[in-house]
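Below is one structure, written out as C-alpha cells, with a few remarks after it.
Sequence lines set the chain letters: A, B, ... in the order given, protein chains first and strands last, and positions in each chain run from 1.
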Amino acid sequence: MSSSEDDRPLAAMHGARTNGTSSTVSADTNGTTPGPTFANKNPKSVGHETGGRFDKMANKSTNGVRPVGTAVVPLVNGSVGDSGGLGRGKRKGRQAPIKESGSSSEDSDAPLNKRRRTSNAIRKENGLKQEESSSDDDVPLAKKTAAKRRNAPSPTLVKREKKPSAPLRRDSSDSDIPLAAAKLAKEKQRIEQKAAKTAKEIRAEENKAATAAGAKRKPAGNANTSELAKKTGKAPLKKANGIKKEESSDDDVPLAKKRKGVVQKPTESTKKVAPGKKIKEVDTKPIAGKGKGKAKEETPGEADDEEEEEYKWWENQAETDGTQKWTTLVHNGVLFPPAYEPLPKHVKMKYAGVEVTLPVEAEEVAGFFGAMLDTQHALNPTFAENFFKDFQTILKQSGGAKGPDGKSVNILAFQKCDFKPMYDYFEEKKAEKKALGTAGRKALKAEKDKAEEKYLYCYLDGRKEKVGNFRVEPPGLFRGRGEHPKTGMVKARVQPEQVTINIGKEATVPAPPPGHNWADVIHDNTVTWLATWKENINGNIKYVMLAATSSLKGMSDFKKFEKARELKNHIDRIREDYTRDLKSELMADRQRATAMYLIDKLALRAGNEKSDDEADTVGCCSLRYEHITLELPNIVVFDFLGKDSIRFYQKTPVIHQVFKNLKIFKKAPKTKGDMIFDRLDTTQLNKHLQNYMQGLSAKVFRTYNASWTMQEQLDEIPNEGAVHEKYAAYNLANKKVAILCNHQRTVSTTHEIMMQKQEEKIKGLRYQKLRLKRMILSLEPARKKKNPTFFRPDPEIDDEEWIRDHQVFLIEQEKDRITKKFEKENEKLRESGEKGLKDKDLKERLQIIKEMEAEFKTENKTGKIDPKRGATIEKLEAQVQKMEERIKKQETEAQVREDNKTVALGTSKINYIDPRLTVMFCKKYDVPIEKIFAKTLRDKFKWAIESADEDWKF
DNA sequence: CAGAGTTAATCGGTCTTAAAAGC
DNA sequence: CGCTTTTAAGACCGATTAACTCT
C-alpha cells in the first residue's frame with residue numbers, strides 16, 4: 001500500500017483521478033491509480049483542453065490585466081475596475097448587511113452574522129443531508145461564533161474534529177510508518193556517525209590546541225549547546241558529543257564565569273565581547289576599546305578565525321526547545337542612512353511654471369517624487385495622490401513654499417507641480433558618477449565598505465555571524481505593490497529614538513548617533529533580532545536580523561524542510577480524512593476539507609484575513625465568490641490576485657465532490673464579495689492540521705509539494721549527456737515547481753523588442769543559408785532538378801518583399817559599419833597627431849556597397865550568386881550545415897526565453913526546493929553545484945551541500 | 001493582535017557571453 | 001583565414017523591503 005505513488009502530491013494524484021471519467025469518491029481515495037504523474041498538471045498535457053497554467057500565462061498579457069507586479073498600467077489608463085473577472089474591487093459584500101435577521105446574540109458581529117445566516121440558508125436550500133438534526137447543527141455554530149470572538153475553540157468543535165481523525169490516524173498511516181521510519185532511522189544513523197566522526201576530529205584538534213595554548217578555553221557556544229542538550233536530554237550520541245566537547249571546558253566554568261562577568265560588568269565587558277574560541281585574541285590582545293572595539297580589533301585575528309570559525313551546526317545538532325535563540329550576543333547596532341543633503345540653490349521644483357523654494361523637509365519629499373518621474377509609480381494616480389497629500393502636510397508643517405519674490409505660494413494642485421528640474425539634477429548626478437570611471441567608483445565603494453564594516457558581523461554565542469539588513473531603511477515613498485491604498489505615502493526617516501536594540505547583557509551597547517538615544521535596549525534571547533522599529537505607513541514592525549548564511553537562519557531552514565519531509569508520513573491519512581470530510585454534514589468541516597484539498601492540490605497559500613487598507617489580495621481561506629467560476633462537468637476556474645497582487649489564473653478539473661461543494665459554497669444568497677469559506681479561517685485550519693502533526697500548518701504543504709515535485713522531476717532525468725543538457729533538465733524541473741507555486745515575474749519592458757530582434761536575426765540567418773545554397777546552385781545548376789525543395793527559401797522568409805527589405809537592411813548596415821569604422825580610425829589618427837583620412841577615402845571604401853547592390857540585383861533576377869573563389873560544393877554544404885545549427889540554437893534560445901518570460905525560478909530555488917535535492921542531483925549527475933547555486937546560495941545552503949550525498953531523498 | 005519570522009518580486013549593478021573587430 | 005581581444009547586450013546576482021504566515 002505504501003507504494004511511492006501514495007506519496008505523490010495531489011497535484012499528481014488528483015490529476016489522475018479527475019481524468020478518469022466518472023470517478024467515484026471511493027475510487028478517488030484509494031489513490032493507487034498510477035496514471036501519469038506530474039504530466040497531469042503540466043500545461044502541455046492538460047492545458048490545451050482544460051486551460052491549465054499555459055492558458056494562465058497566455059492570458060495574462062492579453063487580458064488587459066497588469067501581468068505581474070505593480071498595477072500601474074491599468075491605473076494609468078484611468079480604469080481601476082478593469083478587473084471584471086478579477087474580483088479586484090473592494091469586497092463590498094463583506095460590509096453589506098444581510099437582510100434576514102440572525103439571532104440577536106450575533107448581531108454585533110456583522111461578518112460572522114452574515115456568514116452564519118448564509119450557511120444556514122444554504123443548508124436549507126440544498127437540503128444537505130442532515131444526519132444531524134438541524135438544531136444540533138446549529139449548536140456548534142453558535143458556539144463557534146461566540147468562541148471565535150473569544151479566540152478559543154469550542155469544545156464541541158474540538159471533539160468533532162478529533163474523533164474521526166484519531167482512529168483514522170492509526171489505521172490509515174500505519175502501513176507507511178515502518179518503511180519511512182526505517183529510512184529515517186538510517187538517515188539519522190548516518191548523520192550521527194558523521195557527527196561523531198567530526199566531533200572526534202574536533203576534539204583532537206582542540207586537544208592539540210589546548211595543549212598548545214595550555215589553558216582554558218571553550219567556545220561559549222558549545223557550552224551553551226551542550227547545556228541545552230542536557231536539558232532536553234536528546235539523542236544519546238548527540239548528547240555525548242555535547243558532553244565531550246564540553247568536558248574540557250565545562251569545568252573551566254565558562255558559563256559561570258560569563259555570567260559573573262555579565263553581572264559585574266556594566267562597563268567594560270570587552271573581555272566578554274568575543275567569547276568563545278577567540279581565546280587567542282582574548283589572551284593576546286587585551287582588547288581595549290569598547291566603543292570602537294571588538295569588530296574592528298578582531299580583524300587582525302581574522303585569518304585564523306576564518307579557518308577555525310566555521311561552526312557546522314548541522315554536524316552538531318543539539319536539540320533545543322527552540323525558545324532560547326542565544327546566550328551571548330554582541331553587535332554594533334544599525335547603520336543609519338546619511339542625512340539629507342539639500343539640493344543646490346538652482347535646482348527647484350516649479351509650481352504653475354514658477355520656481356518655488358521649499359523648506360528642506362519638503363524639498364526632500366519633493367525630491368523623492370522627482371527621482372521617480374521615470375518610473376511607473378509616478379503615473380499611478382493613487383501613488384501621486386498619496387504622495388501629494390503627505391507632501392502638502394509636510395510643506396505646511398515646515399513653513400510652506402516661497403516664490404521668487406519671497407512671498408508664500410500655496411501648493412494646491414498636483415497637476416501644477418513640476419518636479420522635472422529635480423529629476424534632471426538626479427540624472428545629472430548619476431551621469432557624473434558613471435563618468436567617474438572604474439577607478440573612481442572603486443574608491444567610492446571602498447569608502448562605503450569602510451562605513452559598513454563594523455556592522456557586517458555580530459557575535460552570537462561567540463561565533464562570528466553575518467548580519468543581514470543592518471541598514472535602517474531610508475526614507476522615501478512607500479512602494480506598495482498592486483492596488484495598495486497607501487502606495488506613494490511618505491515613508492518617514494527613522495530616528496534612533498524609534499529603534500530598540502536587542503543585545504546580550506555582556507556586550508557593550510552600541511552608541512546611538514551623537515545627540516541621540518535609543519528607544520530602548522533589551523536583552524531578549526528568545527528572539528533573533530538585533531534591532532527593531534515600527535514603520536510609519538502600516539505600523540508594521542521591522543527587524544534587523546542575521547543573514548541567511550547564519551546558523552540561526554540555517555537551522556530554521558533545515559527545520560522547515562525536515563518538517564515538510566515529515567509530512568510524508570502523514571499525508572496519506574490527511575488526504576483520506578479530508579476526502580472523507582468533503583461529504584461531512586457539518587458545513588465547517590466540509591469547508592475545511594475543501595480548502596485543504598485546494599491547498600494540497602493547487603499549492604494555494606493559507607489566505608489570512610486582510611484589512612481594508614491593504615491591497616485586496618487573497619489566499620485559500622479568503623477566496624470570495626467572484627474568484628471561482630464553475631464549469632460543468634468538473635472544471636473550476638480560479639482567477640484572483642494572490643500575494644504581491646500576482647494573478648492566479650487556472651482552469652483545473654477537480655474531483656466531483658469538491659466541485660459540488662464549491663457550488664454549494666457559492667449558492668445564493670451568496671454573491672459577489674461574499675466569502676466562499678464563510679465557516680473557515682486560517683487559525684481553525686492550522687489548528688486542525690496540528691492534530692495530525694506537530695507544527696503542521698498550511699504553508700508546509702507548499703514546501704512539501706514543491707520539494708516532492710522536484711524530487712519526482714529530478715528522478716526522471718536520465719543521467720547522461722553533457723553538463724549543459726543536465727543543467728537544462730534541472731531548470732525544467734525547477735520551472736515545474738515554480739509554476740506549481742505560481743511564481744511569476746513581470747515581462748521585461750524590452751522583452752517584446754528583444755524577441756522581435758531575435759526573430760529578425762533568425763530570418764537573417766535563414767537568408768544567409770539561402771545564399772549559400774544559391775552559391776551551390778551557381779557551381780552546379782543541375783542540382784536544382786534533383787532536389788528542388790532544398791533550394792527553396794525557408795518558409796519563414798519565402799517572401800520576396802521581406803528579402804528585398806532585408807537586402808536594403810544589409811546594405812544599410814554595411815554602410816553604417818564602414819562609416820563608423822572610418823570615423824573611429826580617423827579619431828585615433830588625430831589623437832596621435834596625424835592627419836585624418838579624407839572623405840575621398842571613405843567614398844572609396846563605400847565602393848563595396850555598390851558591388852553588394854549589384855550582387856543582390858543579379859541574385860534577385862537569376863537566383864544565382866557567384867561564390868567566393870576557392871569555394872567548393874563540399875565547403876558550402878558544410879557552411880549550410882553550420883548555419884542550420886546556428887538557427888536551431890537561436891530558435892531554442894528564443895523558445896526558452898519566451899517560455900520563461902513570466903516564470904521566476906529563483907523563489908522556489910531559494911525557499912521551497914529542499915537544497916539537498918539539488919546537492920544530490922549535482923553529485924549524482926556530476927553537475928558543478930556552482931551552476932545551480934550562486935555564491936550566496938552556496939553559503940546559505942552550506943549545510944545541505946555538506947550533508948547530502950547522491951542518494952539523498954526528500 | 002502584536003510580534004516574529006518567512007516568502008516574494010523588483011531594482012540596480014556586475015558578470016557572461018557571443019558576436020565583431022583586430023591581428 | 002583562423003585565432004585572440006574587444007565590446008555591448010542582456011542574463012544573472014545580491015540587496016532591498018513589501019507582503020505574507022502563524023503563534
Side-chain angles (χ1 to χ4, degrees), chain A residues 68-70 151 325 372 375-377 430 433-434 438 441 445 468-474 476 478-482 484 486-487 491 502 524 526-529 532 534-535 537-543 545-548 552-553 556-557 559-560 605-611 614-615 617-622 642-646 681-683 685-687 689-690 695-700 702-703 706 738 741-746 748 750-751 753-754 757-758 761 817 820-821 824-825 868 870 886 889-890 893 896-897 900 902 904-908 910-912 933-937 939-940:
Chain A
V68 192
T70 46
N151 199 6
K325 304 293 171 34
M372 295 177 75
T375 68
Q376 297 280 302
H377 294 289
K430 257 191 235 168
K433 203 169 161 193
K434 214 171 185 180
T438 1
R441 266 190 311 235
K445 180 152 189 296
N469 53 330
F470 52 83
R471 256 179 293 269
V472 170
E473 292 176 17
F478 175 66
R479 293 150 116 106
R481 305 201 249 254
H484 199 298
K486 294 187 176 181
T487 193
K491 186 167 130 172
N502 188 32
D524 183 351
T526 67
V527 296
T528 68
W529 51 267
T532 185
K534 196 176 229 179
E535 151 267 346
I537 308 265
N538 298 297
N540 289 333
I541 301 167
K542 301 279 192 167
Y543 301 96
M545 289 182 184
L546 298 192
L552 272 179
K553 293 281 190 187
S556 100
D557 218 27
K559 279 186 192 151
K560 172 182 80 184
R605 295 188 184 83
N608 284 303
E609 282 271 342
K610 291 186 76 180
S611 74
E614 297 172 275
T617 62
V618 298
C620 185
C621 292
S622 47
K643 181 175 176 179
D644 293 311
S645 293
I646 296 295
D681 64 31
T682 54
T683 313
L685 177 63
N686 284 335
K687 209 164 265 169
L689 292 174
Q690 296 281 333
L696 185 61
S697 63
K699 85 194 257 288
V700 180
R702 255 167 95 81
T703 315
C741 295
N742 201 39
H743 291 142
Q744 301 187 32
R745 55 178 184 160
T746 44
S748 80
T750 55
H751 176 82
I753 300 162
M754 275 159 53
K757 243 194 213 164
Q758 190 163 25
K761 187 172 159 191
R817 205 180 57 86
K820 263 199 192 133
K821 192 176 161 193
K824 208 167 154 192
E825 268 174 39
K868 306 219 165 67
R886 269 177 81 181
K889 194 172 166 215
Q890 287 289 318
E893 191 188 303
V896 168
R897 180 188 286 172
N900 287 351
T902 57
L905 301 190
T907 308
S908 49
I910 294 170
N911 297 302
Y912 287 104
F933 285 160
K935 176 81 167 64
T936 38
L937 278 192
D939 287 347
K940 168 174 170 164

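Remark: T682(A) is not in phosphate contact with dT21(C), judged by side-chain N or O atoms under 4.0 Å from OP1 or OP2. Residue T617(A) places at least one side-chain N or O closer than 4.0 Å to OP1 or OP2 of dC20(C). Distances shorter than 4.0 Å separate some side-chain N or O of N608(A) from OP1 or OP2 on dT21(C). S556(A) has no side-chain polar atom (N or O) that falls below the 4.0 Å cut-off from OP1 or OP2 of dG5(B). Between dG5(B) and K553(A), no contact under 4.0 Å exists linking OP1 or OP2 to a side-chain N or O. Side-chain nitrogen and oxygen atoms of K610(A) include at least one within less than 4.0 Å of the OP1 or OP2 phosphate oxygen of dC20(C).
To the nearest angstrom, P of dG5(B) lies 10 Å from CG of N502(A). Taking atom CD of residue E614(A) and atom C1' of nucleotide dA19(C), one finds them 8 Å apart after rounding to whole Å. Put simply, CZ on R897(A) is 10 Å from P on dC12(C), counting in whole angstrom units. As rounded to whole Å, 8 Å separates atom C1' of dT21(C) from atom CG of N686(A). Spacing between atom CD1 of I541(A) and atom P of dC22(C) amounts to 18 Å, rounded to whole angstrom units. Atom P of nucleotide dC22(C) and atom CD of E609(A) are separated by 15 Å, given to the nearest angstrom. Protein atom CD of E473(A) is 16 Å distant from nucleotide atom P of dC11(B), rounded to whole Å. The CD1 atom of I910(A) sits 15 Å away from the P atom of dT16(C) (whole-angstrom rounding).
For A904(A), the side-chain atoms get nearest to dA9(B) when compared with the rest of dT10(B), dG14(C), dA9(B).
Note on G906(A): nothing from the nucleic acid sits closer than 4.0 angstrom, heavy atoms only. Contact annotation for K643(A): base contact, defined as any heavy-atom pair under 4.0 Å involving a base atom.
The salt bridge (charged side-chain N to carboxylate O under 4.0 Å, His left out) test applied to E473(A) returns K491(A), K542(A), not counting sequence neighbours. The side chain to side chain contact (heavy atoms under 4.5 Å, CB included) test applied to T528(A) returns K325(A), M545(A), L552(A), not counting sequence neighbours.
Side chain K542(A) to base dT17(C): no donor-acceptor pair is found below 3.5 Å.
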